[in-house]
Novice: 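One structure, pasted below without further comment.
The structure presented is a predicted model; accordingly, all values stated were derived computationally and were not measured. Sequence lines set the chain letters: A, B, ... in the order given, protein chains first and strands last, and positions in each chain run from 1.
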There are 2 protein chains.
Amino acid sequence: MTTVCWLDDLEMQAWRSLLSAHSRLMARLDAELQASQGMSVSDYGVLVQLSEAEEGRMRMSELADHLLLSPSGLTRRLDGLVGAGLVDRVRCPTDRRGAYAVLTATGRARLEEAAPDHVEQVRRHFVNRLSRRQLEALVDTLNKVASSPPCPGR
Amino acid sequence: MTTVCWLDDLEMQAWRSLLSAHSRLMARLDAELQASQGMSVSDYGVLVQLSEAEEGRMRMSELADHLLLSPSGLTRRLDGLVGAGLVDRVRCPTDRRGAYAVLTATGRARLEEAAPDHVEQVRRHFVNRLSRRQLEALVDTLNKVASSPPCPGR
DNA sequence: CCCGGTCGATTGCGTGGGCAATCAAAACGC
DNA sequence: GCGTTTTGATTGCCCACGCAATCGACCGGG
């Protein structure tokens with residue numbers, strides 16, 4: 001019974017390792033941040049992005065781009081955070097279609113509270129398992145993967 | 001405004017590269033396989049696993065493990081494939097709780113039809129962007145990430 | 001036997017997220 | 001200045017998936 005396999009062993013392994021590593025890693029981080037801080041990694045990500053932005057505020061569309069989320073996805077993710085008082089939605093005064101997401105004081109506090117745990121978890125499950133050289137190589141490798149396609153069609 | 005950041009630059013880059021590369025890669029592969037074959041990468045994955053198994057059959061639980069899916073997730077994923085006639089559900093004769101997922105003839109045909117496209121897409125967006133050395137390093141790196149935690153708690 | 005414990009699979013339910021449609025507010029064209 | 005088009009965000013609808021509860025079937029101790 002010939003199995004369909006036009007990727008050689010190494011290529012196949014690389015592909016499957018990527019799926020497996022990502023899946024396991026995310027599952028662990030989600031579970032642990034949920035357990036230790038009652039916060040999802042996604043919500044944490046929103047708070048981090050905002051905290052790094054000028055004055056803790058960012059336009060919805062820009063934020064969505066940074067988080068690799070669709071506009072609708074972000075809208076609803078913010079609903080939760082707004083409900084929890086961690087983020088405010090502020091209509092943009094100069095362009096009244098647009099809106100800012102702004103980190104509230106409690107939001108910032110909550111982030112600072114959760115950050116040590118999350119960082120420790122990322123270290124334990126990811127960063128600390130790799131050498132500096134491996135981290136460098138990984139960045140390089142993944143950037144090649146993430147970069148725009150050769151665009152033959154466009 | 002000090003941003004929360006207890007990971008140094010390289011570590012942060014590695015972490016964000018992983019998220020970004022995975023997200024973009026999956027989005028591209030999903031979109032392209034959907035466009036060229038009307039099939040999701042997840043469904044494709046099920047067919048591949050079955051095709052590699054003895055006689056194209058596998059127990060539900062084992063299949064779920066291979067696919068990194070929860071039992072319920074697999075059950076419902078299979079519903080679709082069964083509905084499409086690509087897979088059969090067969091109750092295990094020796095243990096009537098259990099069930100096999102078996103690849104049908106049409107399922108195998110469908111897989112063989114879709115495979116060239118998918119392989120080409122994985123090559124274009126992933127494998128071919130990397131050198132052999134990078135692939136080797138990547139496998140090694142990701143396996144370290146995926147491997148079981150140090151288990152201090154258990 | 002048979003009865004409590006366990007196991008494999010499925011189902012109910014909740015959450016997360018994408019796409020397409022929508023809406024209001026700009027921006028553009030003339 | 002006033003339609004038309006474009007843009008930013010939100011909403012409706014849908015799908016994927018995980019967890020917990022469930023159900024039938026097996027198993028091991030009396």
Novice: Look at the side chain of B:R77 and decide which nucleotide, out of C:dG16, D:dA9, D:dA16, has an atom nearest to it.
Specialist: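 Selected nucleotide (nearest to the side chain): D:dA16.
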
Novice: Output the single nucleotide from D:dC26, C:dA26, C:dC19 whose closest atom is nearest the side chain of A:S72.
Specialist: C:dC19

Novice: For B:D30 and D:dA16, what is the distance between atoms CG and P respectively, to the nearest whole Å?
Specialist: 10 Å

Novice: Looking only at side-chain N and O atoms, does A:R91 come under 4.0 Å of OP1 or OP2 in C:dA24?
Specialist: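 So the side chain of A:R91 is outside the cut-off, no N or O lying under 4.0 Å from OP1 or OP2 of C:dA24.
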
Novice: Taking CG from A:D79 and C1' from D:dA9, how many angstroms apart are they, rounded to a whole number?
Specialist: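 Nearest whole value for this atom pair: 11 Å.
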
Novice: OP1 or OP2 of D:dA9 less than 4.0 angstrom from a side-chain nitrogen or oxygen of A:R59, does that happen here?
Specialist: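 It does, given that an N or O in the side chain of A:R59 lies less than 4.0 Å from OP1 or OP2 of D:dA9.
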
Novice: Whole Å only: how far is the CG atom of A:L68 from the P atom of C:dG16?
Specialist: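 Result: 18 Å.
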
Novice: Please report the distance, rounded to the nearest Å, between OH in B:Y100 and C1' in C:dA9.
Specialist: 14 Å

Novice: Describe the nucleic acid contact of A:R76 in one word from base, sugar-phosphate, nothing, applying a heavy-atom distance below 4.0 Å.
Specialist: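 The answer is base, as A:R76 lies within the cut-off (heavy atoms under 4.0 Å) of a base atom.
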
Novice: Can you work out whether A:R89 or B:T94 has the more 5'-proximal nearest nucleotide on DNA chain D?
Specialist: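 The residue mapped nearer the 5' terminus is A:R89.
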
Novice: Using a 4.0 Å heavy-atom cut-off across all strands, classify B:S61 as base, sugar-phosphate, or nothing.
Specialist: sugar-phosphate

Novice: When you check the gap from the basic side-chain N to the acidic O, do A:E52 and B:R16 get nearer than 4.0 Å?
Specialist: yes

Novice: When you get a sec, tell me which of D:dC17, D:dC26, C:dG17 is the closest nucleotide to the side chain of A:L69?
Specialist: C:dG17

Novice: Are A:Q121 and A:S36 linked by a side-chain donor-acceptor pair shorter than 3.5 Å?
Specialist: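 Yes - a donor-acceptor pair under 3.5 Å links their side chains.
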
Novice: Can you work out whether B:D95 or A:L74 has the more 5'-proximal nearest nucleotide on DNA chain C?
Specialist: B:D95

Novice: Check the distance between D:dA25's P and B:R96's CZ and give it to me in whole angstrom.
Specialist: 6 Å

Novice: Let me know the distance between CG of B:D65 and P of D:dC17, rounded to the nearest Å.
Specialist: 15 Å

Novice: So, B:R129 side chain and B:R124 main chain: donor-acceptor pair closer than 3.5 Å or not?
Specialist: yes

Novice: Side chains of B:T106 and B:R110: is there a donor and an acceptor less than 3.5 Å apart?
Specialist: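 Side chains of B:T106 and B:R110: no pair found under 3.5 Å.
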
Novice: Can you measure B:L78 atom CG to C:dT11 atom C1' for me and round it to whole angstrom units?
Specialist: 15 Å

Novice: Can you measure B:L67 atom CG to D:dA16 atom P for me and round it to whole angstrom units?
Specialist: 14 Å

Novice: Side chain of A:S70 only, heavy atoms from C-beta on: which candidate in D:dC26, C:dA26, C:dG18 is closest?
Specialist: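 The listed nucleotide nearest to A:S70's side chain is C:dG18.
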
Novice: Between the base of C:dC7 and the side chain of B:R97, is there a donor and acceptor pair under 3.5 angstrom?
Specialist: yes

Novice: So, is A:S42 near the phosphate of C:dT15, with a side-chain N or O under 4.0 Å from OP1 or OP2?
Specialist: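 Indeed not, no polar side-chain atom of A:S42 lies that close.
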
Novice: Can a salt bridge be assigned to the pair B:R108 and B:E113 using a cut-off of 4.0 Å between side-chain N and carboxylate O?
Specialist: no

